[in-house]
Amino acid sequence: MVKAVIVDDEIHARESLSRMLNVYYPSITVIGKAESIKSAYDLIKTQCPDIVFLDMQLTDGHGFDLLKMFENIPFKVIIISAYQEYAVKAFKFSAVDYLLKPVDPDDLVKAVDIALAQALNDKQQERLNALIENTRNIGKKDKLLALRNSDGTYIVNTSEIVRCESDNNATIFYLVDGNQVRVNRTLKEFDEMLNECGFLRCHQSHLVNQRHIEKISRFPSSLITMNNGDVIPVSFRKRKSI
């Protein structure tokens, strides 16, 4: 039996989420609900839930304020937010499971399935810290990016990424220290995330970080040389913009 706590300052939101969990996850028992940081902290400390559904805006502060009260977070966290656009980007960069209000049942099932499948020690603390940092740095180019794969989670600063390369439906990240990280997500997804961080899509299979470009060659063919020595092709339709 999986124990869950719902933290939300809107009573109808708490009740709605509780009903959905009862329908889609009979194995999850909602052992308590809270509307404030103080009541949530007391509830979590006494009941020791496995999963906490946490609204970001509470009556007495921000959801992050609650998380900061735990030196080590001994439960899975699924963020709930009414904010879209900027918040969604921060969630995606940090690889944190989230739900947007009003909560859609399909999104709930997806988020809970992911949370239940993950080991608790899969750098959740680091990913939540990255989320806090990315939320503070909205509009800035450098962000913390959580890269999840079968080996675990790598937290890297976008400035440390030299380039990204498509590998079928996966993406390989080439880092400044020479390491490579393969993630089972498409290059298109990362292109949409990283374009605001100074990355250029120079080819269908390649995404490069502008700050690590050493040279752009036009003849006899269009190529980009990165400062780690990698040479990347530029597609014909990208030549003008590059």
Side-chain angles (χ1 to χ4, degrees), residues 1-10 13-14 16-18 20-21 24-25 27-84 86-138 143-148 152-155:
M1 189 68 70
V2 177
K3 299 183 296 182
V5 162
I6 298 173
V7 184
D8 196 307
D9 62 357
E10 299 175 347
R14 297 195 299 271
S16 175
L17 181 55
S18 182
M20 279 194 280
L21 287 170
Y24 294 100
Y25 290 95
S27 62
I28 294 180
T29 300
V30 177
I31 56 173
K33 303 165 191 170
E35 63 178 13
S36 66
I37 292 171
K38 183 182 184 308
S39 60
Y41 179 76
D42 293 340
L43 178 62
I44 291 169
K45 290 292 285 185
T46 57
Q47 297 298 318
C48 303
D50 302 299
I51 300 178
V52 172
F53 294 86
L54 177 61
D55 186 18
M56 282 288 91
Q57 294 297 327
L58 301 171
T59 54
D60 55 348
H62 199 279
F64 291 145
D65 298 326
L66 173 63
L67 296 177
K68 290 174 185 175
M69 296 172 74
F70 296 90
E71 184 175 350
N72 294 299
I73 300 175
F75 48 83
K76 305 283 185 68
V77 179
I78 296 179
I79 300 293
I80 303 173
S81 176
Y83 299 113
Q84 298 189 25
Y86 85 87
V88 170
K89 282 204 169 184
F91 296 147
K92 287 183 176 179
F93 267 96
S94 312
V96 169
D97 301 316
Y98 67 93
L99 295 167
L100 293 177
K101 289 185 175 182
V103 175
D104 179 84
D106 290 339
D107 293 337
L108 173 64
V109 169
K110 182 178 179 181
V112 173
D113 282 350
I114 292 173
L116 293 177
Q118 290 171 351
L120 183 60
N121 62 356
D122 183 27
K123 292 198 175 181
Q124 177 181 242
Q125 188 87 44
E126 288 90 338
R127 288 187 281 113
L128 290 169
N129 289 340
L131 175 59
I132 295 171
E133 187 67 21
N134 287 336
T135 303
R136 288 180 183 149
N137 293 331
I138 295 296
K143 293 182 173 60
L144 296 178
L145 180 63
L147 302 176
R148 279 177 172 174
T153 302
Y154 300 83
I155 309 292

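Values below: every heavy atom of this structure, side chains too, minus hydrogens, waters and symmetry copies.
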Requested in this report: In sequence, state the C-alpha distance, the side-chain angles, and the governing distance for Lys76 and Asp97, and then conclude on side-chain contact (heavy atoms from CB on, under 4.5 Å).
Outcome: CA-CA 9 Å; Lys76 305 283 185 68; Asp97 301 316; over 6 Å; no
Query raised in the report: Under the side-chain contact (heavy atoms from CB on, under 4.5 Å) criterion, do Val7 and Val52 qualify, and how do the steps go?
Result: CA-CA 7 Å; Val7 184; Val52 172; 4.0 Å; yes
**Report entry** Check against side-chain contact (heavy atoms from CB on, under 4.5 Å), Leu54 and Leu67
**Finding:** CA-CA 9 Å; Leu54 177 61; Leu67 296 177; 3.8 Å; yes
Query - Verdict with reasoning, Val30 to Leu17, per side-chain contact (heavy atoms from CB on, under 4.5 Å) - result: CA-CA 10 Å; Val30 177; Leu17 181 55; over 6 Å; no
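Leu43 meets the side-chain contact (heavy atoms from CB on, under 4.5 Å) test with Val5, Ala34, Gln47; sequence neighbours excluded. When the side chain to side chain donor-acceptor pair (under 3.5 Å) test is applied to Asp42, the partners found at least two apart in sequence or on another chain are Lys38. Scored by the side chain to side chain donor-acceptor pair (under 3.5 Å) test, Thr29 finds no partners at all (sequence neighbours excluded). With sequence neighbours left out, the ring pair (Phe, Tyr, Trp, His ring centres under 6.0 Å) criterion links Tyr24 to no other residue. With sequence neighbours left out, the side chain to side chain donor-acceptor pair (under 3.5 Å) criterion links Thr59 to no other residue. Annotation: side-chain contact (heavy atoms from CB on, under 4.5 Å) contacts of Gln57 (sequence neighbours excluded): His62, Tyr83. Listed by chain and number, the residues in a ring pair (Phe, Tyr, Trp, His ring centres under 6.0 Å) with Tyr98 are Phe91 (sequence neighbours excluded). In this structure, Lys3 has no salt bridge (charged side-chain N to carboxylate O under 4.0 Å, His left out) partners at least two apart in sequence or on a different chain.
Heavy-atom minimum distance, Met1 versus Asp50: O-OD2, 4.0 Å. When every heavy atom of Ile28 is checked against every heavy atom of Ala4, the shortest pair comes out as CG2-CB, 3.7 Å. Here the closest heavy-atom approach between residue Arg148 and residue Thr153 is recorded as CG-OG1, 3.4 Å. Smallest separation of non-hydrogen atoms from Ile37 and Met69: CG2-SD, 3.6 Å. For Ile6 against Ser18, the heavy-atom pair with the smallest separation is CD1-N, 3.7 Å. Of all non-hydrogen atoms in Asp8 and Leu58, the two that sit nearest each other are CA-CD2, 4.1 Å.
Note on ring orientation: taking the six-membered ring where Trp is involved, the planes of Phe70 and Phe75 are perpendicular (angle over 60°, cut-offs 30° and 60°).
Distance check, rounded to the nearest 0.5 Å: CD1 of Ile155 to CZ of Arg127 gives 7.0 Å.
Look at Asp55 and Lys101 and you find a salt bridge, because one of the NZ, NE, NH1 or NH2 atoms lies within 4.0 Å of a carboxylate O, short of that distance.
Put simply, the side chain of Val77 does not reach to within 4.5 Å of the side chain of Val96, judged on heavy atoms.
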Show which side-chain atoms of residues 106-113 pair as donor or acceptor with protein atoms under 3.5 Å away, not counting sequence neighbours.
unit_1 : atom_1 : unit_2 : atom_2 : d
Asp113 : OD1    : Tyr25  : OH     : 2.6

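Applying the salt bridge (charged side-chain N to carboxylate O under 4.0 Å, His left out) test to pairs two or more places apart or on separate chains, none has a residue in residues 60-72.
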